[in-house]
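For ligands, and for the atoms within them, numbers begin at 1 and follow the listed sequence.
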Amino acid sequence: MAARGEFSSRTAFVLAAAGSAIGLGNIWGFPIQVASNGGGAFVFTYIVLTFLLAYPILMAELIIGRHAKTDTVSSILAVSSPGTRWLAYLTGYWGMLTASLILSFYSIIAGWMIAYFIGGFAELLGLVDVKAWLTEFSLSRNIIFCFVFYSLTISIVASGVSGGIERWSTRLMPALLLLMVLLIAYIATQDGAAEGWRVYLQPDFSRVLNPDLVINALSQAFFSLSLGVGTMMIYGSYVSKSENIAKLGASVAALDIGVAVLAGLLVIPAMYVALHNGVTIYDDAGNLIASDNLIFTVLPALFETMGSAGPVVAILFFSLMTIAALTSSISMLEVPVAYASESKNMPRAKAAWVVGGLVLLISLVIVFNFGTLFPLVIAFTTKYSEPLIGLLFCVFVGWIWHRNHILDEIKQGYPDAENGLFWKIWPTYVKFVCPLLVLALFWHSMS
Ligand code: PHE
């Protein structure tokens with residue numbers, strides 16, 4: 001059997017895992033959530049929940065993954081007991097299904113990014129009709145660009161960890177960050193931006209416990225850190241035993257929050273600049289119009305204020321968005337592909353094309369029934385599946401896997417773990433606090 005892939009360095013892992021975490025969830029999803037859930041109040045609750053719930057569960061996934069060093073189903077089985085094997089299968093398969101379903105809607109949005117990217121060239125060349133087709137919602141556009149995005153995702157996954165995943169993530173994520181910072185600086189020169197900053201940075205504390213806001217912030221925190229589907233478990237499985245895993249996890253979480261906050265600093269002021277320039281964003285009742293389209297409305301409006309530089313900035317921005325989406329989509333596809341190649345002995349490249357092809361079929365079904373299925377699949381995967389599977393991961397590390405074995409695992413690469421803060425808090429925390437908190441938040445949102 002071929003040797004398993006492994007990330008070649010600590011930086012490579014952090015960038016790849018951050019590449020998985022940072023994606024459309026941060027730059028497309030987070031601003032929509034902020035704009036429809038009361039601005040700063042949402043940002044506040046989201047950050048609190050990321051620390052309280054998402055980081056500890058991220059650690060559970062990374063630790064299980066690095067311990068077992070195999071696909072997700074086998075990893076969870078490795079930490080189960082004879083009586084809980086059924087639960088391990090349930091958790092593993094449910095995670096794999098959720099990863100595939102997330103990929104199926106994610107690639108539709110990512111296809112839009114590619115279309116807008118090419119739209120920038122069409123504008124430069126004066127091809128007005130082509131640009132209109134690329135940037136308006138249509139069946140043909142959605143199908144074609146979904147295909148393009150799948151071909152890219154599948155080809156990268158087919159070539160494995162260090163050749164594919166690592167090479168892309170390490171080079172391109174830093175470029176995205178830089179462009180965002182430059183755009184934020186540009187926004188500061190525009191009228192209307194100050195109002196955006198106020199809405200974004202001043203939480204209205206009377207709203208932070210609103211049940212809808214809390215459950216949306218919970219699912220955003222899970223989605224954004226790629227939790228509850230097995231992605232981080234798989235990435236953990238490619239981490240070398242000589243790394244301090246608690247530290248690595250903290251860097252990934254910090255980068256992910258950082259980019260979400262930056263994306264908000266860009267999109268929310270851009271929204272107010274657009275409002276100032278006469279673009280309609282909220283309806284009379286104060287609801288966000290076409291929320292899926294938020295960044296496709298306000299950012300192009302912003303680029304237009306830049307004169308002839310506009311299309312070039314648009315090309316840069318949407319190309320980097322496509323890359324951010326790719327470093328996430330490859331991590332979703334990796335979950336079922338690792339299973340097919342490690343548990344079912346299928347060659348990696350074949351597994352990538354077969355599984356990728358099947359998920360593409362699901363995307364097509366969604367594209368043809370967009371109005372009903374798109375929001376439904378998003379709600380099923382991000383609102384329910386991810387937090388509940390995260391809860392099951394806590395059950396495994398808190399109640400089933402032996403505590404001393406967990407400590408032994410963490411001690412590899414962090415010999416003094418026993419005396420550190422992480423070990424003092426985390427085991428009890430994932431055992432009691434995380435499961436109860438997830439359940440309480442669900443309860444709260446139902447009542
Ligand atoms: N975290 C990714 C994003 O924010 C989405 C993702 C979810 C990736 C689940 C992998 C697994 O865009």
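Outside the 6.0 Å centre-distance limit, the rings of Phe380 and Tyr384 are not counted as a close aromatic pair. Aromatic rings from Phe149 and Tyr106 are positioned such that their centres are separated by 6.0 Å or more. Between Tyr414 and Phe422, the ring center distance fails the sub-6.0 Å criterion. Taking the centre of each ring, Phe318 and Phe117 stay at or above the 6.0 Å mark.
Identified under the side-chain hydrogen bond (donor to acceptor under 3.5 Å, both in side chains) test for residues 86-105, with sequence neighbours left out: Tyr93-Tyr339, Trp94-Ser385.
For ligand 1 and Thr231, the ligand atoms under 4.0 Å from any heavy atom of the residue are 10 (C), 11 (C). Those atoms of ligand 1 that come under 4.0 Å of a heavy atom in Asn26, given as number and element, are 4 (O). Shown in contact with Ser224 at under 4.0 Å from a heavy atom are these atoms of ligand 1, numbered in order with element: 1 (N), 4 (O). Close approach of ligand 1 to Gly25 (heavy-atom distance below 4.0 Å) involves ligand atoms 3 (C), 4 (O), 12 (O).
Residues satisfying the side-chain hydrogen bond (donor to acceptor under 3.5 Å, both in side chains) criterion with Trp28, sequence neighbours excluded, are absent altogether.
Scanning all protein heavy atoms for the shortest distance to atom 7 (C) of ligand 1 gives Phe223 O, 3.5 Å. Of the protein's non-hydrogen atoms, Tyr106 OH, 2.5 Å is the one closest to atom 12 (O) of ligand 1. Regarding atom 8 (C) of ligand 1, its nearest protein heavy-atom neighbour is Ser226 OG, 3.3 Å. Among all non-hydrogen protein atoms, the one lying nearest atom 4 (O) of ligand 1 is Ala21 O, 2.8 Å. When hydrogens are left out, the protein atom nearest atom 2 (C) of ligand 1 is Ser20 O, 3.2 Å; that is the closest non-hydrogen contact.
The shell of residues lying under 4.0 angstrom from ligand 1, judged by heavy atoms, excludes Trp28.
When heavy-atom distances to ligand 1 are checked against a 4.0 Å cut-off, Ser331 comes that close only through its side chain, counted from C-beta outward.
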Criterion side-chain hydrogen bond (donor to acceptor under 3.5 Å, both in side chains) on Ser20 and Ser328, from CA distance to verdict: CA-CA 4 Å; Ser20 163; Ser328 301; 5.4 Å; no
